[in-house]
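Protein chains get the first letters and strands the later ones, always in sequence-line order, with residue 1 at the start of each.
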Amino acid sequence: MPELPEVEVVRAGLAPAVVGARVSAIDVLDERALTRHPRGSADFVARLEGRAITAAARRGKFLWLPLDGDADALVAHLGMSGQLLLRSPDAPAERHERIRLHIEHPQHGRLAVVFADQRTFGSLAVDVLLSAPDGAAGGRGTAKALVPSQVAHIARDALDPAFDEAGFVVAVRRRASGIKRILLDQTLVSGIGNIYADESLWAARIHPETEGRSLSTRALRRLLHEVRLVLEKALAEGGTSFDAQYVNVNGQTGYFAHSLNAYGRTGQPCPRCGEPIARVAFMNRSSHLCPVCQRRR
DNA sequence: GGAATAACCTGGATGC
DNA sequence: TGCATCCAGGTTATTC
C-alpha cells in the first residue's frame with residue numbers, strides 16, 4: 001500500500017534513470033491503467049512519444065515526470081498495488097504489467113519503465129502543469145512552482161518545507177470528524193494512508209475517533225511532529241512491505257513493517273504499556289490502537 | 001462546504 | 001479439494 005515513504009522511494013529510485021531520458025515508445029497493455037487519462041491510449045501515446053523527461057517530482061502519493069517545455073507531465077498514482085519498475089528493454093513482461101515505457105538515456109542507454117498493478121487502482125496520465133498558488137516548488141524533486149492539474153487540489157505533505165502547518169491546525173480545529181479521517185483527507189495534508197495514520201496516532205497517544213475540533217493547537221502540533229518522525233523513519237527504512245504489493249524500482253521490499261507499533265499488530269502487546277493492540281472497524285477498513293495509551297476523550 | 005458512504009479491483013486467507 | 005466469502009484500502013463520485 002504505497003503511502004508517502006513508499007512513493008518517495010520510487011521517485012528517488014526512478015530519478016537517476018529517467019531524468020534526461022527521452023521516451024522512444026509506449027506499450028499500453030491495459031486501458032484500465034489510464035483511467036486518469038480520459039482521452040484514451042492513442043492520445044496518451046501521442047502526447048508522450050518522443051518527449052524528454054526533465055525531473056522526477058512527488059507530492060503526497062502523487063508522482064509526476066515533467067516533460068520538455070514545462071507545459072505538461074506524466075502523472076502516476078500507484079493506488080493500492082501499483083509498481084514502477086526499471087527493467088532492461090527486452091525484459092519479459094511482469095505479472096500484472098499494464099504499461100511499458102521505452103526510454104533512451106544519454107548515459108544509461110535504453111531502459112524500460114514498467115507500470116505493473118495487481119488491483120488496477122493506480123493509473124498514469126499525461127496532464128497539464130499549473131502554477132502552484134503559493135509560489136513554492138510543486139513538490140519534492142523539482143524546484144519549479146508547477147503542479148499537474150490532477151494534483152492541484154492535494155495539500156502539501158508534512159515533509160514539504162512549504163507545508164502550511166498553521167493552516168492545517170486551523171482547518172482541523174473547525175472539523176467535527178475524527179482525527180484519523182482528517183489525517184486521511186489529502187486536501188488537508190497529503191501522503192498519509194491507513195498505516196501511517198495508525199502509527200502517528202499511536203505515537204501521539206490520540207484515539208483515532210477524537211474529534212478534530214476537540215484537539216488543542218499544542219496537541220495538533222505534537223501530532224504533526226509524530227507524523228513527520230514516522231514518515232522519516234519509514235523513508236529511511238525503505239518503506240513498509242507486507243508482501244510483494246510494494247517494492248522499489250528494483251523490485252526490492254522495504255523494512256519498516258518490522259518497526260510498526262500498532263498497524264497490523266492486533267492482539268500483540270503495545271510496545272509502550274503491554275496492553276494488547278485492538279483492531280476496530282473504520283470506514284470499511286480497520287484502525288489499530290492501544291486501548292490504554294489512546295483513550296477516547 | 002462539510003460529512004458520510006459506495007464503488008472500483010484482484011488475489012490471498014479463511015471457513016465450510 | 002473446491003467453492004464461497006471476507007479482507008486489504010486510495011481516490012472519486014454521489015448523496016445528504
Side-chain angles (χ1 to χ4, degrees), chain A residues 1-8 10 29-38 58-64 75-84 93-99 115-125 127 147-155 157-158 167-168 170-201 208-214 231 234 239-247 253 256-257 260 262-267 277 279-289:
Chain A
M1 298 112 201
E3 301 180 31
L4 185 154
E6 292 77 35
V7 180
E8 175 56 26
V10 171
L29 308 175
D30 190 334
E31 290 273 347
R32 292 177 300 176
L34 290 175
T35 53
R36 291 182 179 278
H37 191 92
R58 179 197 57 75
R59 177 186 291 194
K61 304 169 195 171
F62 280 88
L63 188 65
W64 69 93
V75 180
H77 194 289
L78 303 181
M80 286 291 299
S81 52
Q83 302 172 343
L84 281 167
E94 297 287 328
R95 196 178 181 200
H96 308 302
E97 180 167 331
R98 312 293 181 190
I99 292 175
F115 178 66
D117 188 10
Q118 179 200 100
R119 298 180 197 171
T120 68
F121 278 19
S123 68
L124 306 184
D127 189 20
V147 65
S149 73
Q150 297 184 18
V151 188
H153 68 293
I154 298 296
D157 58 68
F168 172 79
V170 168
V172 172
R173 299 198 68 205
R174 285 190 184 136
R175 296 220 175 183
S177 298
I179 185 62
K180 178 168 175 181
R181 189 184 286 268
I182 293 171
L183 284 179
L184 296 178
D185 184 343
Q186 306 296 299
T187 66
L188 294 179
V189 57
S190 65
I192 302 171
N194 208 37
I195 297 173
Y196 297 113
D198 281 359
E199 289 301 301
S200 301
L201 290 168
E209 296 295 331
T210 306
E211 289 187 0
R213 62 188 177 187
S214 75
L231 294 177
T240 304
S241 302
F242 295 108
D243 47 32
Q245 293 290 302
Y246 160 68
V247 294
T253 55
F256 191 68
L260 294 173
Y263 182 87
R265 298 190 68 248
T266 308
I277 295 292
R279 174 182 161 214
V280 297
F282 169 78
M283 289 172 68
N284 289 330
R285 51 203 70 173
S286 298
S287 286
H288 306 79
L289 62 127

Measure the spacing between CD of Glu6(A) and CG of Leu78(A) and express it to the nearest 0.5 Å.
->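 Rounded to the nearest 0.5 Å, the CD-CG separation comes to 9.5 Å.
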
Interatomic distance, Leu4(A) atom CG to Ile195(A) atom CD1 [nearest 0.5 angstrom] =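 So the CG of Leu4(A) and the CD1 of Ile195(A) are separated by 12.5 Å.
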
Separation of [N] [atom2] from [X] [atom1] (nearest whole Å):
X         : N       : atom1 : atom2 : result
His77(A)  : dT12(C) : NE2   : C1'   : 11 Å
Asp185(A) : dT5(B)  : CG    : C1'   : 15 Å
Leu188(A) : dG1(B)  : CG    : P     : 14 Å
Phe62(A)  : dG10(C) : CZ    : P     : 12 Å
Asp157(A) : dG10(C) : CG    : P     : 15 Å
Arg285(A) : dC8(B)  : CZ    : P     : 15 Å
Arg59(A)  : dT11(C) : CZ    : P     : 13 Å
Glu6(A)   : dG10(C) : CD    : P     : 10 Å

Side-chain touch [X]/[Y], heavy atoms, less than 4.5 angstrom:
X         : Y         : result
Asp157(A) : Arg58(A)  : yes
Leu231(A) : Glu8(A)   : no
Leu289(A) : Leu201(A) : no
Trp64(A)  : Val147(A) : yes
Glu94(A)  : Gln83(A)  : no
Leu260(A) : Asp198(A) : no

Derivation and outcome, side chain to side chain contact (heavy atoms under 4.5 Å, CB included), residues Lys61(A) and Gln186(A) | CA-CA 9 Å; Lys61(A) 304 169 195 171; Gln186(A) 306 296 299; 3.6 Å; yes

For Arg213(A), report the nucleic acid contact type (base, sugar-phosphate, nothing); a contact means any heavy atom under 4.0 Å.
->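 It contacts nothing in the nucleic acid.
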
Answer with base, sugar-phosphate or nothing: what part of the nucleic acid does Ser286(A) contact at a heavy-atom distance below 4.0 Å?
->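 Sugar-phosphate contact only - Ser286(A) comes under 4.0 Å of backbone atoms but never of a base.
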
Among [options], the nucleotide that comes nearest once only the side chain of [X] is considered:
X         : options                  : result
Ser177(A) : dG10(C), dG2(B), dA4(B)  : dA4(B)
Arg279(A) : dT11(C), dA8(C), dA4(B)  : dA8(C)
Ala176(A) : dA3(B), dG10(C), dT11(C) : dA3(B)

At how many degrees, to 10°, do the end axes of the helix from dG2(B)-dC16(C) to dC16(B)-dG2(C) meet when each uses five pairs?
->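 The two end axes of the helix from dG2(B)-dC16(C) to dC16(B)-dG2(C) meet at 50°.
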
With no angle test and no hydrogens, is the base of dG1(B) tied to the side chain of Arg175(A) by a donor-acceptor pair under 3.5 Å?
->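 Checked by distance alone, the answer is no.
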
Under 4.0 Å protein heavy-atom contact, by nucleotide of nucleotides 9-15 of chain B - B base, S sugar-phosphate only = BBSS---

Which of these, His288(A), Glu3(A), Lys180(A), sits in a side-chain hydrogen bond (donor to acceptor under 3.5 Å, both in side chains) with Asn194(A)?
->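 Passing option: Lys180(A).
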
Want to settle it: does Arg36(A) or His288(A) sit nearer the 5' end of DNA chain C, counting the closest nucleotide to each?
->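 Mapping each residue to its closest nucleotide by heavy atoms, the 5'-most match is His288(A).
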
